[in-house]
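Within every chain, numbering begins at 1; the chains are lettered A, B, ... in the order of the sequence lines, protein sequences first and strands thereafter. What you see is a predicted model; the values in this text were computed from it and never measured.
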Protein chains: 2
Amino acid sequence: MEHRLEQIKKQLHAQSYKLTPQREATVRVLLERETDHLSAEDVYLLVKEKAPEIGLATVYRTLELLSELKIVDRINFGDGVSRYDLRKEGAEHFHHHLVCTECGAVEEITDDLLGDVEKLVENHWHFQVKDHRLTFHGICKHCQETAIESTS
Amino acid sequence: MEHRLEQIKKQLHAQSYKLTPQREATVRVLLERETDHLSAEDVYLLVKEKAPEIGLATVYRTLELLSELKIVDRINFGDGVSRYDLRKEGAEHFHHHLVCTECGAVEEITDDLLGDVEKLVENHWHFQVKDHRLTFHGICKHCQETAIESTS
DNA sequence: GTGCTTGCAAAGCTTTTGCATCGTC
DNA sequence: GACGATGCAAAAGCTTTGCAAGCAC
């Protein structure tokens with residue numbers, strides 16, 4: 001984790017941004033909760049535990065900065081709040097999500113499922129793909145099992 | 001178009017909702033601008049041309065209703081506003097989008113690109129897929145051509 | 001009359017912005 | 001001392017809600 005933090009620090013410095021204590025605290029929260037799809041408010045509350053004096057605006061500004069630098073990705077599952085995901089180290093593309101419509105759980109898929117589809121889009125529609133967002137909505141394994149139990 | 005409207009009317013009646021003049025005007029706007037990815041505000045302004053007395057809240061309520069009935073899909077391209085797309089007649093799945101990061105144009109793809117990927121997700125992750133959202137971000141054909149021209 | 005629907009205004013949310021202050025080089 | 005970064009509060013969207021009035025059956 002320290003390694004990833006150092007890396008992010010360098011990325012910031014490369015663009016002459018500083019890794020201030022507030023920014024560091026924010027990044028640490030994101031690193032600790034890497035797969036949790038936190039909203040800005042979530043991040044704020046967690047950062048506040050480490051650095052109580054931080055303001056919500058700073059969290060927003062930091063998340064926007066990290067987003068510009070492609071360190072985090074901003075996603076939206078349609079519930080009206082932006083969520084922030086740390087990019088996997090060296091990941092070229094955004095990962096995918098499985099959102100359960102029963103329990104709301106979000107699972108991540110880091111496999112590249114879209115290689116062929118992207119090629120098709122580039123060839124057929126002449127669209128130069130830079131990134132993608134893929135989300136499946138449905139019923140997760142756990143909820144399927146629960147449904148079976150309750151009917152038996 | 002009248003045919004589609006009749007169909008929607010039946011769908012509403014089946015759930016004991018009425019196709020009021022306001023709702024009809026809203027649906028007509030959506031039918032006329034089927035591929036335009038209108039925001040609620042856009043819809044409101046267009047409906048107002050036909051039915052000036054309508055309120056924004058009614059448009060929101062109608063769009064929510066249509067969304068529940070799966071007549072329209074609510075999408076979010078990450079700019080903070082919800083957009084509404086009429087489902088294609090008989091379309092089982094949501095269609096896909098190509099969003100140009102240069103000019104903001106949104107192109108639709110109605111081809112089913114994800115059949116294989118869905119099967120993989122169901123088999124490998126045991127996730128029962130009900131719907132999906134797939135958006136590619138990149139540079140559209142037109143902007144690619146413009147870029148070439150300006151460098152030559 | 002009962003119950004759904006509407007328009008208006010107010011409220012609620014998330015997110016952004018203005019501005020004085022603070023810290024760092 | 002300059003300049004970026006911060007915290008707070010205010011403002012700015014977009015969306016939802018409360019409520020009285022309207023309409024249909």
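Using a cut-off of 4.0 Å between Lys/Arg side-chain N and Asp/Glu carboxylate O, B/Asp131 and B/Lys70 are scored as not salt-bridged. Ionic pairing of A/Glu32 and A/Arg28 is not present here: no N-O contact between side-chain nitrogen and carboxylate oxygen is shorter than 4.0 angstrom.
In summary, the side chains of B/Asp73 and B/His95 do not present any donor paired with an acceptor at a separation below 3.5 Å, with no hydrogens or angles considered. The closest side-chain donor-acceptor pair between B/Gln144 and A/His126, if any, does not fall under 3.5 angstrom.
Residue A/Glu41 contributes atom CD, which lies 6 Å from atom P of C/dT14 at whole-angstrom precision. Protein atom CZ of A/Arg61 is 13 Å distant from nucleotide atom P of C/dC19, rounded to whole Å. Rounded to an integer number of Å, the gap from CG of B/Leu56 to C1' of C/dA9 is 12 Å. Nucleotide C/dC4 holds its C1' atom 12 Å from the CD atom of B/Gln22, rounded to whole Å. Across the protein-nucleic acid pair, B/Asn76 atom CG and C/dT14 atom P stand 15 Å apart, rounded to whole Å. In this structure, B/Glu64 atom CD and C/dC4 atom C1' are separated by 15 Å, rounded to whole Å. If you take CZ of A/Phe77 and P of C/dT14, they are 17 Å apart, rounded to a whole angstrom. In this entry the distance linking NE2 of A/His13 with C1' of C/dT24 reads 12 Å, nearest Å.
Candidate nucleotides C/dG7, C/dC19, C/dT15 were compared by shortest atom distance to the side chain of B/Ile54, and C/dG7 ranks first.
Residue A/Tyr60 places none of its side-chain N or O atoms closer than 4.0 Å to OP1 or OP2 of C/dT16.
When each of B/Lys18 and A/Lys18 is assigned the nucleotide of DNA chain D bearing its nearest heavy atom, the one mapping closer to the 5' terminus is A/Lys18. Summary of the strand contacts: B/Ala40 and A/Tyr17 both lie near DNA chain D, and taking for each the nucleotide with the nearest heavy atom, the more 5' one is attributed to A/Tyr17. The 5' end of DNA chain C is approached more closely, in terms of each residue's nearest nucleotide, by B/Thr58 than by the other of B/Thr58 and A/Arg74.
Environment of NE2 in B/His13: crowded, with over 12 heavy atoms of neighbouring residues, nucleotides or ligands closer than 6.0 Å. Within 6.0 Å of atom NZ in B/Lys48, more than 12 heavy atoms from other residues, nucleotides or ligands are found, so the atom counts as buried in its surroundings.
From the 5' end on, the contacts that DNA chain D makes with chain A at under 4.0 Å to a non-hydrogen atom open and close at D/dA5 to D/dC8.
Taking the C1' atoms of five terminal pairs at each end of the helix from C/dG1-D/dC25 to C/dC25-D/dG1, the two resulting helix axes are inclined by 10°, rounded to 10°.
B/Ser39 comes within contact range of no nucleotide atom at all, as no heavy-atom separation falls under 4.0 Å.
To the nearest 0.5 angstrom, A/Leu38 atom CG is 8.5 Å from A/Asp85 atom CG.
Hydrophobic cluster membership is shared by B/Ile71 and B/Tyr60, with clusters built from Ile, Leu, Val, Met, Phe, Trp and Tyr side chains linked at under 4.5 angstrom.
Using a distance-only test at 3.5 Å, with no hydrogens or angles considered, no donor-acceptor pair links the side chain of A/Gln128 to the main chain of B/Cys140.
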